[in-house]
Amino acid sequence: ETGVTQTPRHLVMGMTNKKSLKCEQHLGHNAMYWYKQSAKKPLELMFVYSLEERVENNSVPSRFSPECPNSSHLFLHLHTLQPEDSALYLCASSQDARVYNEQFFGPGTRLTVL
Amino acid sequence: GENVEQHPSTLSVQEGDSAVIKCTYSDSASNYFPWYKQELGKRPQLIIDIRSNVGEKKDQRIAVTLNKTAKHFSLHITETQPEDSAVYFCAASNSGAGSYQLTFGKGTKLSVIP
């Protein structure tokens, strides 16, 4: 499959559960991103990775823990989430995080926290 | 940090009419301004972008203008078609800690009425 893929597409979890979101890019890019998209709010950048190194962490609560084992894969580990964390989580990639260029988004994971 | 305001939040136009979406930004150091289109249930996709050394850019029915002095930029869609119906996001990019971060507006839901 080409482009940016995300799994699962939908996830329902309780506040005490631990789950992980997975993102994979097949574009040969060096930078990957996690965004949170909530209703009636702007897309919020959560994390930026450049060549597997985290370069930005925008004051995200520690219950969200990213992992980037290589430049093609990005994970978001979730634990003890709150209902207000329910949102669409979008992964994106770009050629390089140090210069401005197009970000390609995945289809997102629709997360519901009960 | 950067703050991007986008107006209007919703916009309805008749097919064939023009649509204009406006954004303002706060950080005078921002120098890259992309526009993303997100159709219902789909991922955001870049439709056009402009860099600070250019005042206007056009791609078929879509154009973007940038006024750096006033810190605002606009998306213009001419001869609108039903397939233009989507949510449009503007963004501004600045380089923080060595990486380019995108700060998004809240989005404009455009409805093109046949």
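If you're wondering where the values come from, they're calculated on a predicted model, not measured in any experiment. Sequence lines set the chain letters: A, B, ... in the order given, protein chains first and strands last, and positions in each chain run from 1.
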Engineer: Can you tell me if CD on E15(B) sees more than 12 non-hydrogen neighbours from other groups inside 6.0 Å?
Structural biologist: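 Yes.
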Engineer: Assigning hydrophobic clusters by single linkage (Ile, Leu, Val, Met, Phe, Trp, Tyr; side-chain heavy-atom cutoff under 4.5 Å), is L110(B) placed with I62(B)?
Structural biologist: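 Yes, it is one cluster - the side chains of L110(B) and I62(B) are joined through contacts under 4.5 Å.
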Engineer: Main chain of L90(A), side chain of R43(B): is a donor-acceptor contact present, judged purely on distance under 3.5 Å?
Structural biologist: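 Flag not set: sc R43(B) to bb L90(A) has no pair under 3.5 Å.
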Engineer: Between Q38(B) and chain A, with a heavy-atom cut-off of 4.5 Å, which part of the residue counts as in contact: side chain, backbone, both or neither?
Structural biologist: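 For Q38(B), the side chain is the part near chain A, not the backbone.
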Engineer: CD of E53(A): more than 12 outside heavy atoms within 6.0 angstrom?
Structural biologist: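 No - once you tally the heavy atoms of other residues, nucleotides and ligands closer than 6.0 Å, there are 12 at most.
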Engineer: Measure distances from P34(B) to the heavy atoms of chain A and classify the residue's part below 4.5 Å as side chain, backbone, both or neither.
Structural biologist: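 For P34(B), neither part sits under 4.5 Å from chain A.
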Engineer: More than 12 non-hydrogen atoms from neighbouring residues, nucleotides or ligands closer than 6.0 Å to CD on Q60(B), yes or no?
Structural biologist: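 Atom CD in Q60(B) is not crowded, with 12 or fewer foreign heavy atoms closer than 6.0 Å.
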Engineer: Could you go step by step and tell me if F89(B) and Q37(A) meet the side-chain contact (heavy atoms from CB on, under 4.5 Å) rule?
Structural biologist: CA-CA 12 Å; F89(B) 295 95; Q37(A) 187 174 34; 3.3 Å; yes
Engineer: To the closest 0.5 Å, what do you measure between CG (L102(B)) and OH (Y35(A))?
Structural biologist: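 Taking CG in L102(B) and OH in Y35(A), the distance rounds to 4.5 Å.
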Engineer: To the closest 0.5 Å, what do you measure between OG1 (T103(B)) and CG (L43(A))?
Structural biologist: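 The distance works out to 11.0 Å.
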Engineer: With chain A, which of K109(B), R51(B), Q6(B), Q45(B) has the greatest number of heavy-atom pairs at distances under 4.5 Å?
Structural biologist: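 The candidate making the most pairs under 4.5 Å is R51(B).
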Engineer: Quick one: does any side-chain atom of Y36(B) pair with a main-chain N or O of Q103(A) as donor and acceptor, under 3.5 Å?
Structural biologist: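 Judged by distance alone, yes, a pair lies under 3.5 Å.
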Engineer: I'd like to know which of G105(B), S9(B), G107(B), G41(B) tops the heavy-atom pair count under 4.5 Å against chain A.
Structural biologist: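 Result: the option with the highest number of such pairs is G105(B).
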Engineer: Report whether F105(A) and Y88(B) are members of the same hydrophobic cluster (ILVMFWY, side-chain heavy atoms less than 4.5 Å apart, transitive linking).
Structural biologist: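 Looking at the clustering, Y88(B) is in a separate group from F105(A).
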Engineer: Let me check something: do V60(A) and Y49(A) share a hydrophobic cluster, defined by ILVMFWY side-chain heavy atoms less than 4.5 Å apart, either directly or through other members?
Structural biologist: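 Linked within one cluster.
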Engineer: Heavy-atom count around L40(B) CG within 6.0 Å, excluding the residue itself: above 12?
Structural biologist: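 Open: at most 12 neighbouring heavy atoms sit under 6.0 Å from CG of L40(B).
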